[in-house]
Amino acid sequence: MGSKNMAERVEITAGDRPVREINQDIRGQVQAGKPIVVSNTMSRHNLGVGLPAGADILFKGSVGYYCGGLNDGARIHVTRDCGWGVGEAMATGHITVDGYAGMSAGASMLGGSIHVRGNAGPRCGVAMKGGDIIVEGSIGYLSGFMAHAGRIIALGGTDDAAGDSLWGGEVWVDGPIGSLGVDSKIIEPDSVEVESVEALLAQHGLDGSGRDWKKIVSAQRLWHFESRDARAWLMI
Amino acid sequence: MADDLKTPWEYPFEPAAEELIGFADGAIENRPAGIPSSYDRGGSIRWTPESISEIHALSQLGRYQIRGFNTFNKSFPTLDDLVFVPATMTRLPLEGYRESCDTGTVLGDRPGLVEQPLELDIPIYIASMSFGALSAPAKAALGYGASKVGSMTCTGEGGMLEDERRASQTLVYQMTPSRYMLDLEHLRKANAIELVVGQGAKPGTGGLLLGMKVSDRVADMRSLPTGVDQRSTVRHPDFLGADDMQIKIEELREATNYQVPIFLKMGATRPRWDVAIAAKAGVDVIVVDGAEGGTGASPELLMDHTGIPTMSAIPAAREALEDCGKADEVKLVAAGGIRSGADAAKCLALGADAVMVGLGSMIALGCNSPRYLESYQALGTSPGRCHHCHTGLCPVGVATQDPELESRIDVAAASERVARYLTAMTMEISLLAKACGKSSVHNLEKEDLRALSMEASAFTGVKMAGIDKPFTW
């Protein structure tokens, strides 16, 4: 999508215009079926929020918080860095970030995918419910904090507390892990899972072969208080 | 002398025999009268029978106790400590049978920011209680009952249940830190969005749903493994302080195209500051949930030992809105232990624009009703005392996910009871308002109240009965 000829894209300038106006322009061009390039992004917050399938947007520069938040099918490309919560609560769609993905990338996302070419900040994939996050660089602390489902793939290692307090979901790491998070454990992935991850990486033009995968999952010790039996709570 | 009363003085007769001096209490031979009653009574104000059994429980469990319902802390003041002083000579009452009193309530009326404010017929709506904490039939019945009387419900944290969306004409959709199921599709089905930063029963902690209630359907809606003890996060995944939240609010407005109001729900802790910060951050409605607020499950100590009373939170929140110049833009909803129209009217008079009822509406559904007595007995409790919301073994099918138990709710009948409860409460409010000479329930004010206790006066700034001055420090 980044490769789409720039000349084919309708240009929208962000600058210091009200974000409501910028997003209105974006929605208007999306409705008209036009691919878009947003220039002079000035790290503005809430750019390209809640866009539908068919939207194709290139943000030329850095964006602020919640770019592509609540995404509902759009393909979004950010050529530089992101603030917090890029692609938060995304249901479907795809977001590519060429630079640094800030904190809480993909927070609580339900589906779709995020591809970060640089590093990702702390709490990447926090509370995520599905979908995939691929980070070519490293991920900050508390990756996948309290995630429910989905995959986080770090090709350049993670900082401390990797896979902290996972309900479910997986954090795949090639490279060093600062430390494991609370109630997480590393397990050996089977070949079918590795093939699936390699196939996902291949979709994004990445080579997954020959990697030293460490797959982090929930150790499930925090799943329950000490008893699953309702009778145990009756004395209260 | 003082420590030795044996003087040389002697009785002019033979000293009495020891067995004649002591007289027995008649129950146990030779037990002196007067003494055994203290054993029966248990006189310590620190080591009450309750605190002794609490230690027995903790010393066996090795963890805090968890239960549902609301606080058992007897030191909380009640709204019964306030009374109305209706119109007499200084004011003119309205004729109850022929003059009307407006009960319409608008929330989120902010032109330019909210295209579709919520217009309710009554100043009461059903509090945020999740599907998970409550059964699907209970959620549906609350929705239908509220719709019947022009009111609304709130999803609670468990995601948007189809049954409730169908039933509720107006539905507030909660965005809790756990964000179960939350995406654009569901946001756009909501009539309002509520950011949750806390709740009255357990401020400072996230939601809690024990595994017995995490059925397949609940687990699916929350994308959790079936049967886990779900402890939700308390901090939002993608914002921390008010500055971030301001951006989040803008995101929600963008995503919903400035159509619906944004609520913020907080537990009442420091409302004077918290409410001002939330108002400045740009929300349209602030819900202040007092410590008497109910819950499906909570560590018991949080219910009993955290948060401030609803009565004290409302005037503080109202003053905060006025102090920061937001009183005209931001509406205030009060919740936490509101039982009746009298309670609700007092909350309105203290400064709320509307009130939420949670437990009250559950009780209207049938909670603690004298039916299925053998089920209460099996839990070691009885109607009027049951607080088994946390175990999912609710005898009347309200706070359960058990198919057999939840089938005990007749949705049509329960809906009608909810509608009648809300109607009756509204009549009670307008009865009091008319007696105070008010043609709108929203004109009730602090001056319409007097306090029966110094405590109530000190908490609220309401004048003491007869003294006509508020307790001041």
Side-chain angles (χ1 to χ4, degrees), chain A residues 19-20 23-24 27 45-52 64-66 69-73 83-85 88-92 103-105 107-111 123 125-130 145-146 148-150 165 167-169 218 220 222-236, chain B residues 53 57 60-63 65-68 175 177-188 206 210-213 222-225 227-233 235-240 244 246-248 250-258 297 300 378-381 387-388 390-393:
Chain A
V19 72
R20 191 170 177 178
N23 279 333
Q24 260 165 8
R27 283 196 292 271
H45 300 309
N46 294 323
L47 292 173
V49 160
L51 292 175
Y65 282 25
Y66 313 134
L70 292 155
N71 190 9
D72 203 26
W84 291 11
E88 69 87 26
M90 168 159 59
T92 67
M103 190 161 99
S104 300
S108 189
M109 63 190 267
L110 290 93
R123 289 156 69 95
V126 55
M128 73 189 280
K129 319 283 193 284
F145 177 63
M146 288 193 93
H148 298 232
S165 310
W167 286 110
S218 171
Q220 302 183 8
L222 291 181
W223 275 22
H224 301 286
F225 286 98
E226 78 273 42
S227 176
R228 301 186 64 157
D229 180 6
R231 304 286 143 189
W233 298 95
L234 292 188
M235 78 279 283
I236 297 164
Chain B
S53 50
Q60 293 168 79
L61 295 171
R63 57 160 172 74
Q65 301 201 65
I66 291 173
R67 65 168 177 82
M175 182 173 206
S178 47
R179 311 268 171 95
Y180 300 125
M181 201 197 215
L182 190 137
D183 60 10
L184 188 70
E185 184 193 342
H186 289 96
L187 271 188
R188 287 189 176 165
L210 296 181
M212 296 79 85
K213 293 169 84 173
R222 301 183 185 215
S223 47
L224 283 170
V228 297
D229 291 326
Q230 170 236 298
R231 281 157 286 176
S232 306
T233 46
R235 288 213 298 255
H236 279 268
D238 55 0
F239 69 85
L240 297 177
D244 307 338
Q246 194 168 355
I247 304 168
K248 174 56 78 179
E250 184 186 63
E251 185 201 5
L252 294 173
R253 292 206 197 277
E254 284 291 321
T256 54
N257 200 18
Y258 296 80
E300 187 170 32
L379 299 174
T381 185
H387 49 277
H388 266 280
H390 58 304
T391 59
L393 300 174

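In what follows, chains are A, B, ... by sequence order, proteins preceding strands, each numbered from 1.
Using modelled atom types, no side-chain atom of His224(A) and backbone atom of Gly211(B) make a donor-acceptor pair closer than 3.5 Å.
Between Ala89(A) and Leu182(B) the shortest heavy-atom distance is CB-O, 3.8 Å. Pro237(B) approaches Ala107(A) most closely through the heavy-atom pair CB-CB, 4.0 Å. Here the shortest heavy-atom pairing between Ser223(B) and Lys129(A) reads OG-CD, 3.2 Å.
Chain A forms more heavy-atom pairs under 4.5 Å with one residue of Gly392(B), Gly380(B), Pro177(B), Pro225(B) than with any other, namely Pro225(B). Between chain A and the residues Gln230(B), Lys213(B), Glu185(B), the most heavy-atom pairs under 4.5 angstrom are made by Gln230(B).
Here Lys248(B) pairs with Glu88(A), Asp238(B), Glu251(B) under the salt bridge (Lys or Arg N to Asp or Glu O under 4.0 Å) rule; sequence neighbours left out. A search for salt bridge (Lys or Arg N to Asp or Glu O under 4.0 Å) contacts involving Arg231(B) returns nothing, not counting sequence neighbours.
Tyr66(A) is not listed as a side-chain neighbour of Leu252(B), based on a closest heavy-atom distance of 4.5 Å or more. Residues Asp229(B) and Trp223(A) fail the side-chain proximity criterion, which asks for heavy atoms closer than 4.5 Å. Residues Thr233(B) and Phe145(A) meet the side-chain proximity criterion, which asks for heavy atoms closer than 4.5 Å. Side-chain atoms of Asp183(B) and Asp72(A), non-hydrogen and from C-beta on, never get closer than 4.5 Å to each other. Side chains of Val49(A) and Glu250(B) form no contact here, defined as non-hydrogen atoms less than 4.5 Å apart. A heavy-atom distance below 4.5 Å is not found between the side chains of Leu222(A) and Val228(B).
A distance of 8.5 Å separates CD in Gln24(A) from OH in Tyr258(B), rounded to the nearest 0.5 Å. Atom CZ of Arg253(B) and atom CZ of Arg20(A) lie 9.0 Å apart (nearest 0.5 Å). Asn23(A) contributes atom CG, which lies 10.0 Å from atom CG of Asn257(B) (distance to the nearest 0.5 angstrom). Once rounded to the nearest 0.5 Å, the distance linking OG of Ser108(A) with CE of Met181(B) reads 12.5 Å. One finds the OG atom of Ser232(B) at 7.0 Å from the CE atom of Met146(A) (value rounded to the nearest 0.5 Å). His186(B) NE2 to Leu110(A) CG: the interatomic distance, rounded to the nearest 0.5 Å, is 9.0 Å.
Of the two parts of Arg123(A), only the side chain, counted from C-beta on, holds a non-hydrogen atom closer than 4.5 Å to a non-hydrogen atom of chain B. Interface residue Ser178(B): only backbone heavy atoms are found under 4.5 Å from chain A.
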Can Arg235(B) and Val126(A) be said to form a side chain to side chain contact (heavy atoms under 4.5 Å, CB included), step by step?
CA-CA 11 Å; Arg235(B) 288 213 298 255; Val126(A) 55; over 6 Å; no
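Neither side chain, Asn46(A) nor Glu254(B), offers a donor N or O lying under 3.5 Å from an acceptor on the other.
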